[in-house]
Chemist: 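Once you've had a glance at the structure underneath, I'll fire off some questions.
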Amino acid sequence: MGGGDSETGQSTISCSRCSKPANLQCPKCVELKLPREGAAFCSQDCFKTSWSSHKSVHSKAKASSVETGAAGDKNAEGWLYCLRKGQARTTKLPQFDWTGSLRPYPISSKRIVPPHIELPDWANDGTPKSEPISDFQHVVEIKTPELIERMRETCKIGREVLDAAARIIRPGITTDEIDRVVHEATIAAGGYPSPLNYHFFPKSCCTSVNEVICHGIPDARVLEDGYIVNVDVTVYYKGVHGDLNETYFVGNVDEASRKLVQCTYECLEKAISIVKPGVRFREIGEVVNRHATMSGLSVVKSYCGHGIGELFHCAPNIPHYARNKAVGIMKAGQVFTIEPMINAGVWRDRMWPDGWTAVTADGKRSAQFEHTLLVTETGVEVLTARLPTSPDVFPWLKA
């Protein structure tokens, strides 16, 4: 709290809280060049008492300045709204029947990848070449020990990158800042952020806020106290991919959101616990669905887990809902993701105009967790497991 420069002989500014004459001003408001009215206080006590409500002014001011500067000026650092899988950009907010309170914000220009980084085959033109024509779209690959070792290394990097993102999540930052951290941490480790330009996806990770189920595009939106945000990271390193995601609390969230996120975490843990040779892939959906519905929540049916390795997405498909038609049984040496998406309301989803962002049909919140898993001779190895250095962000793990 800094002292304001009270100008003698001029009209006195009133305290935002109690209307007494005020000569102190919120330092953050000074930094953001906000009007003194609404940012002045008569004492430190009034400022402290008002802080929980007053701080929202800062988030709104940041969001407004970014949206005005980015959307209103075509030359403002290349910030534009995304339309149709990155192939079209616009200065105006697209028209859409939004299901919840969230709206897209402008996105920054594509981040640079240094020339020494090994690239997947879509990095330059946005089109995967080997993935669609691979036999492993129909046959589940049994990985060689050498390939598994490369995947262990890549998945550990993915975990460290996601942990770096988790450490910066707090009210007041943008999802674009999360993307910057993910991009820079991936490059620093010698990897390529797999989502970048995959089918023209414009960013290095997915950030899915509140009612966004998956594939949210990092943008200029400021995260507010009480939000939840999923960060989905995939790293390409030594010719293989490692994929994981977690949903985080932004500041203090309500009890319903806490229960949603914890239940989703538990859905993934329970699904992992049954993975071993001889188990049907379709059993995963039964386990997830049972736990979610017992908590009054629903399971998204439009998106599923997938095989992964030298290909980003391949067989098997891993649905998370009950009575699914997944074919096949687990065998040692297979690697795939489980990534349940659990909704507070209905399971149905809708797609934003950008062609990526999937949101809940009723605008209620959604959470997701994901791991990359190796089927072993005796059970399962979680290749993207949390490390001793992973940030302590989930209250239920403290017990």
Side-chain angles (χ1 to χ4, degrees), residues 110-132 134 136 141-168 178-207 215 218 230-246 305-315 333-339 369-376 380-391:
K110 185 180 172 185
R111 300 192 191 280
I112 303 302
V113 177
H116 69 276
I117 299 293
E118 180 186 358
L119 305 178
D121 64 13
W122 58 80
N124 292 320
D125 65 5
T127 304
K129 320 296 185 303
S130 56
E131 192 171 281
S134 170
F136 294 129
E141 180 183 16
I142 305 295
K143 307 287 200 268
T144 64
E146 182 274 335
L147 184 52
I148 289 169
E149 194 49 48
R150 278 192 281 147
M151 291 208 67
R152 281 196 184 100
E153 200 173 345
T154 301
C155 286
K156 183 172 183 286
I157 292 171
R159 164 51 64 185
E160 290 167 343
V161 169
L162 183 61
D163 288 348
R167 290 187 185 97
I168 69 156
I178 296 171
D179 183 75
R180 178 186 58 78
V181 167
V182 166
H183 184 88
E184 292 176 0
T186 304
I187 298 298
Y192 179 92
S194 306
L196 185 60
N197 215 27
Y198 179 74
H199 292 292
F200 309 103
F201 188 80
K203 290 291 159 190
S204 297
C205 68
C206 300
T207 52
H215 303 156
N230 177 276
V231 181
D232 194 338
V233 164
T234 311
V235 170
Y236 180 70
Y237 180 73
K238 291 190 176 179
V240 296
H241 301 272
D243 191 2
L244 73 162
N245 73 56
E246 290 180 341
H306 53 89
I308 187 169
E310 292 177 312
L311 303 176
F312 192 171
H313 299 95
C314 54
Q334 294 172 340
V335 179
F336 53 84
T337 72
I338 303 178
E339 45 187 296
F369 283 86
E370 174 185 22
H371 277 306
T372 297
L373 309 164
L374 165 68
V375 183
T376 67
V380 62
E381 179 183 342
V382 183
L383 300 178
T384 48
R386 292 175 62 80
L387 302 168
T389 54
S390 295

Chemist: So which heavy atom on Ile187 is nearest to which on Pro193, and how close?
Modeler: CD1-CD, 4.3 Å

Chemist: Kindly say whether Val231 contributes a backbone atom to a donor-acceptor pair with the side chain of Asn245 at under 3.5 angstrom?
Modeler: no

Chemist: Counting C-beta onward and ignoring hydrogens, is there a side-chain heavy-atom pair between Thr186 and Tyr192 closer than 4.5 Å?
Modeler: no

Chemist: Roughly how far apart are Leu119 CG and Asn124 CG, rounded to 0.5 Å?
Modeler: 6.0 Å

Chemist: Of the non-hydrogen atoms in Gly309 and Lys143, which two are nearest, and what is the gap between them?
Modeler: CA-CE, 3.8 Å

Chemist: Rounded to the nearest 0.5 Å, what separates atom OG1 in Thr384 from atom CZ in Arg159?
Modeler: 6.5 Å

Chemist: Provide the closest heavy-atom pair for Val233 versus Cys205 in the form atom of the first, atom of the second, distance.
Modeler: CG2-CB, 4.4 Å

Chemist: Can you check whether Pro128's main-chain N or O pairs, donor with acceptor, with Asp121's side chain at less than 3.5 Å?
Modeler: no

Chemist: For the CZ atom of Arg167 and the CG atom of Leu162, what is their distance to the nearest 0.5 Å?
Modeler: 10.0 Å

Chemist: Out of curiosity, Thr337 OG1 to Glu370 CD, how far, rounded to the nearest 0.5 Å?
Modeler: 4.5 Å

Chemist: For Arg111, which residues count as a salt bridge (charged side-chain N to carboxylate O under 4.0 Å, His left out) partner, sequence neighbours excluded?
Modeler: Asp176, Asp179

Chemist: Can you tell me which residue pairs pass the salt bridge (charged side-chain N to carboxylate O under 4.0 Å, His left out) test with a partner in residues 230-241, sequence neighbours excluded?
Modeler: Glu153-Lys238

Chemist: If we only count heavy atoms from C-beta on, is the Cys155 to Val235 side-chain gap below 4.5 Å?
Modeler: no

Chemist: With rounding to the nearest 0.5 angstrom, report the CG to CD1 distance, Asp243 to Ile308.
Modeler: 4.5 Å

Chemist: Name all residues meeting the salt bridge (charged side-chain N to carboxylate O under 4.0 Å, His left out) criterion together with Arg150; count only those two or more places apart in sequence or in a different chain, and write none if there are none.
Modeler: Glu146, Glu310

Chemist: Any heavy-atom pair between the side chains of His199 and Trp122 that's under 4.5 Å?
Modeler: no

Chemist: Measure the CZ-NE2 distance between Arg386 and His371 for me, rounded to the nearest 0.5 Å.
Modeler: 8.0 Å

Chemist: Can you check whether Ile112's main-chain N or O pairs, donor with acceptor, with His183's side chain at less than 3.5 Å?
Modeler: yes

Chemist: Say whether, by atom type as modelled, one donor and one acceptor occur between the side chain of Thr154 and the main chain of Met151 under 3.5 angstrom.
Modeler: no

Chemist: Please report the closest heavy-atom contact between Pro218 and Phe201, naming both atoms and the distance.
Modeler: CD-CZ, 4.3 Å

Chemist: Using a 4.5 Å cut-off on heavy atoms from C-beta on, say whether the side chain of Phe200 contacts that of Thr127.
Modeler: yes

Chemist: Are the aromatic ring centres of His313 and Tyr198 under 6.0 angstrom apart?
Modeler: yes

Chemist: Are any non-hydrogen side-chain atoms of Leu147 and Glu141 less than 4.5 angstrom apart?
Modeler: yes

Chemist: Any heavy-atom pair between the side chains of Leu311 and Ser130 that's under 4.5 Å?
Modeler: yes

Chemist: With the side chain counted from C-beta on, respond yes when Leu196 and Lys110 share a heavy-atom pair under 4.5 Å apart, and no when they do not.
Modeler: yes

Chemist: Do Ile117 and Tyr236 have side chains that get closer than 4.5 Å, going by heavy atoms?
Modeler: no

